[in-house]
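Residues take their numbers from the sequence shown, with the count starting at 1. Atom set for the values below is all heavy atoms of this structure, side chains included, hydrogens, waters and symmetry mates excluded. None of these values were measured; they are calculated from a predicted model.
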Amino acid sequence: MPIQDKQKGLKAQRDAAQEVATSALAFIAADGERLVRFLAETGLSPATLREAAARRSFGAGVLAFLISDEAMLVAFAAEKGLDPRHVVGALEILAPPVDPDATVRRPM
């Protein structure tokens with residue numbers, strides 16, 4: 001596969017993962033209790049939420065929060081017609097695990 005095609009494929013994967021994160025944020029925001037817990041655990045406020053959402057790493061944080069509660073993950077996945085493993089995969093795309101032996105580091 002040519003490098004350009006590989007880059008397009010990676011961008012498409014990242015875009016799809018970001019769509020899952022955006023859907024997850026909407027799911028969290030649709031329920032007052034979930035939203036209050038999300039804000040409390042992230043230290044955000046309704047006033048700072050929009051600014052935080054503009055950061056590249058925000059989607060990964062949303063998915064990490066969602067995945068931390070299995071019942072919430074399962075409910076989200078069911079509502080969106082996704083396999084919960086797909087949601088976990090989206091997190092791994094947005095925030096890949098760090099390989100301490102890697103010679104090249106990906107920017108986050």
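Distance check, rounded to the nearest 0.5 Å: CG of L73 to CG of L91 gives 10.5 Å. To the nearest 0.5 Å, atoms CZ (R14) and CZ (R56) are separated by 4.0 Å. Distance CG/D69 to CZ/F38: 13.5 Å, rounded to 0.5 Å.
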Candidate pair V62 and L66, rule side-chain contact (heavy atoms from CB on, under 4.5 Å), full reasoning: CA-CA 6 Å; V62 170; L66 182 75; 5.6 Å; no
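By the criterion of side-chain heavy atoms lying less than 4.5 angstrom apart, applied directly or through intervening Ile, Leu, Val, Met, Phe, Trp or Tyr residues, V20 is grouped together with V88 in one hydrophobic cluster.
In this structure, R34 and F65 approach most closely via the heavy-atom pair O-CZ, 4.1 Å. Between L63 and A24, the shortest heavy-atom distance links the atoms CD2-CB, 3.9 Å. Contact detail for G59 and Q18: the closest heavy-atom pair is CA-NE2, 3.9 Å. Closest approach of F76 and V87 over heavy atoms only: CE2-CG2, 3.8 Å. Residue A60 comes nearest to A95 through the heavy atom pair CB-CB, 3.7 Å, listed as atom of the first residue, atom of the second, then distance.
Of the possible donor and acceptor atoms, none in the side chain of T48 sits under 3.5 Å from a partner among the backbone N and O of L44.
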